[in-house]
Each structure stands twice: as C-alpha cells, then as structure tokens.
Amino acid sequence: MKAIRVALPLALEPLSYLPPLGEGPRLGARVVVPFRKEVRVGLVVGEEETPHGHALRHAIGYLDEGPFLDPLGVERLLAAARFLFAPLGQVVADFLPFIEAPLCHRVRLVPGARPEALEAPLLEKLRDWTPAEALAPELLDALREGGVLEERVAEALPRRPRLLPVRPPDAGIGPKAAEALRVLWQLGEAESQADLARRAGTGSGVVRTLIERGYVRVEEVPAVPELPEPHPRRLAPLPPPEPPSRIQGGRFRERLAALKGLMQQGPLLVLFPEGSMIERAWPYLPEALPFYGKLPALLRRRLWQTRGKSVLGSAQALFFPGPFFRVVVAEAASDAHKLASGTRAFLPALVEALGMEPLYLEAAPSAHALYFAEGRGRPLFFAPPRVRGQAVPKAKSRGLLAGRTRALVQQALERGRQVLVLAARKGYASRLHCASCGYQPECPNCALPLRYYKEKRGGELVCHQCGHRQPAPPVCPRCQSELIEAKGPGLDWLAESLRRSFPETPVGRLSGGLEDLPEPLRQGAPGILVATTRVLRKNPLKNLALIALPWVEGFLPESDFHAPERFFAMLWQLRDLVPGKNPYFVLEAYHPDHPAIEGFLKGDLLGFPESELAMRKALSYPPFSRMVKLEVSHREESTAREAAGRLFEALAARAQEGELLGPAPAPIPRIKGRYLWHLIVKSEDPERLFELLKDLPPPRPARLKLDPDPVGFTGLLD
DNA sequence: AGCACGCCGACT
DNA sequence: GTCGGCGTGCTC
C-alpha cells in the first residue's frame, strides 16, 4: 500500500498519511487531512511505501481532480526547501498560502454503525450527511479514529443572496412595494435586500414585505471574485531580436515595451518585488495576469488554473504552473525581494538556484544580474536617461540643509515647480543625544536607540524594532542637563525646518503610515513634499523639478553590503519618477565622491555596479559565494553567548579555513529582550554548505534561526 | 507554527 | 497551596 507525503503550510517537514479511502496518491494535489483533532489543507509532495514506523491516518479527501502544482513545481518546491534550509511546510506557507480554502465538510456514520459514545439524537442526525461544524472537533476525531465516519470535503465557494421577481405587482401590495417590485422586474435581479431598497428608493422593510408575501424570491448564488478591469494604456511592443539576458537602463516604459515584445513570443513569468510595481505595469500589459497577495485567495486559486498567459507576480507566483517562455526578475537590487516571512531568502538568488535562468529587468544593473546573466545572451541596454544635478559636501557642524539646497528649493518654487525632499528616516529624529554627558535613550528590550517623534503628545520615543513607546524626557535623565537634543534628521524634522524656511509654501509629508498632502500639492501647485522611499510606490507630485537628498549616508548603513547598489538603483528610479520630467538632483553627503553618487551624476549606469561586483569578488561575498547566517538567541546574555560558542565548536569540527565566521554579537545585539549572536557559514559550493549544516545539534536552551541570504553582517567579517 | 506537558518561582 | 512563565517535545 502506498502512503502519501503531505506538506501542510506550517514550519514542519511533510507528514505521511494513507490516501483518502478508495483513492490512490495524487502528486501535487491539495488534500484535506486530519491534524491534531482538526482538519487542514496540505499539498501532496510525494509517496512512499508503507509499512511506516507508526500507524498512519487516512487523508480525508482531495480538493483537486488534477494536480494543483505540476510535477516540475513539486520538484522545485523540494529544491527550494533545500536551498533555504527550511522545512518544506515553511516554504508552502510562504509561497503558497492560498492553497488553504474554506471547506464544505460533511460527515455521516458508516451505515449500520452504532458507536456508544453518541447520544440518540446525534446518532439519528448522523445517519444522513451533516455539516462537520455541527460536531465538536474532539468527538469528530474520535469517530474518525473509530472508523465509523464517512467524510466528504470540497472547497466551499462563498455565496451571496440574489433577489428575483416572482409575480408582477397586483392589488395585494401597496404603492411603494409595487414600485420596488417594478424596479426589480426591470433590473432582472438585485444583490441584496438593501441593494434593491437603495435602487428603488424605498426602505428595506418594503423589500422584506415583498419577500414574505412571495412576490420576490431569494436564492443563494456563488460569489466569484473577478479581476478588476485594467485601464489599458497604449504601448507599442518592441520585439527584441533574440531573447536577451537582461533588459536594463532607459525609462520604465521602454523596459515594459521590450517586455511586451517578448510576451508576443511566448508567455512570461515576471517576478516583481512589490505589488505596487505590478499595479504600475499591468495597464501597459493588460494581456497578462496580475498575481500577488493583495488579490483575494479565492481569486488567486482561480487564476492559478490559467495556462498560456503571461503572469505579473510577486514571490507568490514563483511556482505558478507553466510552461513559460521566459522567467523575468524585475529590479533584482530591491530589498523588497528579501522575503519577510519564515524563509527570509533573497528571491533572485532562489530563482537562480532553482535553475530558472531568469532574464533581468532593471532600471540600473544590479551586481547580481551582471554576475548571473553573464554568458546567457546579449543584454538589451537602453541609453540611460539624462541626469542633471550636483553633489554637495555636508559639514558636520552645519544645519539640516545646506545653503545650496535651500537656494535651489527657492528657485524651483519661484518657477512654480514642485520639490521632493527625500528623508532617510521616518519620525522626527533617529535618536536623542545629551550634549553634556553623551547619554542616548535606548529601547529597554532592544539594544537600539529609540526614534524620536516630536509631534506625538509632547514628544515620544518609539522603538522601530519592537514597538516600545515612552514619553521623551524634557531634560537628560542622567545628568539633568537641558542640552538633550535630536540627532539624525527624520521626515518630520525636515518638514518642520522647511516650513520655517518657506512659510508661504505648502509642505506635505509622505511615508509608510503617514499621508499629509495639502491639496495644492496634489493639484500640481508649487510646494515641497518630504517623503521616505515610499514615494517610489506612490508619487503625488506631477510638477516635479527638484529632488533633494539632504543626508545620503542615511541610506548607506555600513552593516549592509547591498545598501550601496540599492541606493544607486533608487536614484535611477527617482530619476524616472514622473514620466516626461527630468528633475534636478541635489545630493548632500559627507562623502560626495561616493562612487554611486558620481556614477549617477555622470549618467553612467554600468560603472558602479561593475565596481561593486569586483569588490564582492575580492571579498568573496555573494554572488561569488553563498553565505548562511546562524542566529542564536536567548533571554540571558551568557546563555546566548555560550550556546553560540557550542554551535561554533560543532561547526568548527567540520569546517575548513575560511568557511566559518564568528561567533559575534549581532549588529543589533538585543532584540525584543533576546540577546542575539551570529555565525556565518560561507562557501562557494552550495552543496558544501548543505553538508556543513546537516544535522546540526540544536543549541539548547537557546533558539537557532537560519538566514539563507543574510544582508547585514559586516561586524563578523572584520 | 501551535499546542500540551512539566518544571520552577511568585503570590492570594 | 495554586497561578503562570518558559523550555521541551510532538504533530502522520
């Protein structure tokens, strides 16, 4: 007898079940299984021979006739779990959360069964098919284990009521009801009582009367969500002479035109870092399907059945059943490709590891694309758009904005144009600092300076890591000095300063979670918008003339070796923010000769990414090697340190020179009350990494977390 | 992951 | 004496 291996969307390896009664294995199908006294939806990822170490339970039923995930998809799922050092279920939870559906689950007793645990009324009821919700889960499970239960499952479709007219108006009803009924006859149907009442301009009581007296019938119909209509925009396809290895440079529309040309040769799977980019691209490519987390899960399951169309998707589309002509990774330098949930991977690296040989589509080349696309065909390279701007050296002692910057802002406003000031931080300031004794308020749970929000209730300190809040002290709590001051200008501080400098001008603010946009700014009137990088997703400025970055280093934290190329890519995306506008840039930096700044201002797209790649080669950083970060954490500092030490010993016994780095306290040594220590395992050969990390002893009592594509770790390397 | 179990310290 | 925090083990 065959058993099936079922991956549930939980951080677990697949579990074994017997196939549903009377069925065989169906690889790739969704299956409903009993799991801890309840039922869950999983994915069949393999089969095996029984007997097994312990008694297996039967799966309850399949949700799909054919495979939900094709055999290639299943194979890639397994490969992904291996690449990510994650349990297979974790990968299912992260990439395929929409396999879980509301269920229509009915049960009845096997004819003739008379289990003693059941009281007479229930026994009687269960002779016929009964909704499973009518029984307590424990009881259901006991009956299931007793072998006296038959079960049927199917995906439940949400239903909505539909109102249909039955009889024409007659003398039996009043004038208002007659009018409402006439409206319904005219419409043919209505969505609900309230809907009909609204359309007929009556109260809903009138409608209820119509139903009660049998003039109107209510029935339930399946409510199927539909894709909203795109508002198509004209875009002439640009057929590339041959499928290129990367499409870079130029304007957003030029890159999309090349994509459209490719789409005419065959369906593409395009993986974007964020939903907002999908929403921006779709109108130009309405022949493709969008597929991302914002769409209802039911709609995603329906779209999943589509074949032969191009897909504009997020990471959730990674396993979309093909075949596709090409797979495309958009904006590989974006940190939004870093998956936030359990698996924590960098999507472009995963796509490469799965052997999908993607085509890269980027405003500015990323080191990653330069490395991986090498030798796969000629790049399609658009001329970079012309860049205007200057770098301004930032003096430590000076104010928030250089005089130069203020003068340029003034000029732009005088010409009736709009200004974007890009803030590196949200809130008022990155920290408070006592000029007298050097004290800085830190989060009590995390080893991090608290962010300062000035506007909130007379000043508030907030931890961006754990959410801790406390009032801001008016004087230094350590030395009582009044010299406690803000450092590291954030969005609110910049806005405050600009409002003082330009009192007549509307100043708006935009960040994740804050949208304060004066109406004139929306209308295109002269004004200033202070924004975080959020503006790349949603830009309200139509009349943009100047982009100022008053603190470039705020975008370049040293612990993150991806930061410079991300910053470089961001500059090019800012350059392309408003179609048809060529804004002037002022870049204020302590190091205005930073190669990313110089390359950008010279209009050189390739030089900086190439130098980044050379630097990574010299340091043997990714993509020239693979690194896995091991994070050991515990509430007690010494316990965490000792556990990290033991883990190091265990690894050192296997590792060779240069393969193991650490242990070192994490760049943020304490988060949410837990002390964190990092180790890095590094190798040019992914198989070697797998060997090193196989069957690691758990560092009890500390917790271990693996990050398959670490970003911040420099502290370990010096 | 989520849940039960068992251990130890803190209090009505 | 019991409540509840946390560490540990298990899920077919």
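The structure presented is a predicted model; accordingly, all values stated were derived computationally and were not measured. Lettering of chains follows the sequences in order, A, B, ..., and the numbering in each one begins at 1.
In secondary-structure terms, DNA chain C builds stems of at least 3 consecutive Watson-Crick or G-U pairs, each pair having both distances under 3.5 Å, at B:1-11 with C:1-11.
Taking atom CG of residue A:Asp141 and atom C1' of nucleotide C:dC12, one finds them 12 Å apart after rounding to whole Å. Taking atom CD on A:Glu13 and atom P on C:dT11, their separation rounds to 14 Å, with Å as the unit. The interatomic distance linking A:Lys705 (NZ) with B:dA1 (P) rounds to 9 Å, in whole Å. Taking atom CZ of residue A:Arg674 and atom P of nucleotide C:dC6, one finds them 10 Å apart after rounding to whole Å. In this structure, CG of A:Leu704 is placed 16 Å from C1' of C:dT8, rounded to the nearest angstrom. Whole-Å rounding puts the A:Glu636 CD to C:dG5 P distance at 17 Å. A:His634 places its NE2 atom 13 Å from the C1' atom of C:dG5, with the value rounded to the nearest Å. Distance, A:Phe35 CZ to B:dA1 P: 13 Å, rounded to whole Å.
The ring pair (Phe, Tyr, Trp, His ring centres under 6.0 Å) analysis of residues 104-139 of chain A, with sequence neighbours excluded, yields no pairs. Note on residues 327-336 of chain A: pairs passing side-chain hydrogen bond (donor to acceptor under 3.5 Å, both in side chains), not counting sequence neighbours, are A:Glu331-A:Gln573.
With 3.5 Å as the limit, one finds no donor-acceptor pair spanning the side chains of A:Ser430 and A:Arg425.
Scanning for salt bridge (Lys or Arg N to Asp or Glu O under 4.0 Å) contacts around A:Lys538 gives A:Glu515, with sequence neighbours left out. The side chain to side chain contact (heavy atoms under 4.5 Å, CB included) check on A:Glu47 picks up A:Lys2, A:Pro25, with sequence neighbours excluded. Under the side chain to side chain contact (heavy atoms under 4.5 Å, CB included) criterion, A:Pro473 pairs with A:Leu432, A:Leu461, A:Pro477, A:Ile484, not counting sequence neighbours. Here A:Phe98 pairs with A:Phe291, A:Trp304 under the ring pair (Phe, Tyr, Trp, His ring centres under 6.0 Å) rule; sequence neighbours left out. In this structure, the side-chain hydrogen bond (donor to acceptor under 3.5 Å, both in side chains) partners of A:Arg674, at least two apart in sequence or on a different chain, are A:Ser633.
The cationic group of A:Arg82 lies under 6.0 Å from the six-membered ring centre of A:Phe690 and within 45° of the ring axis, placing it in a cation-pi geometry.
Nucleic acid contact class of A:Pro87 (heavy atoms, under 4.0 Å, all strands): none.
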B/S/- contact track for nucleotides 2-8 of chain B, protein heavy atom under 4.0 Å: BB-----
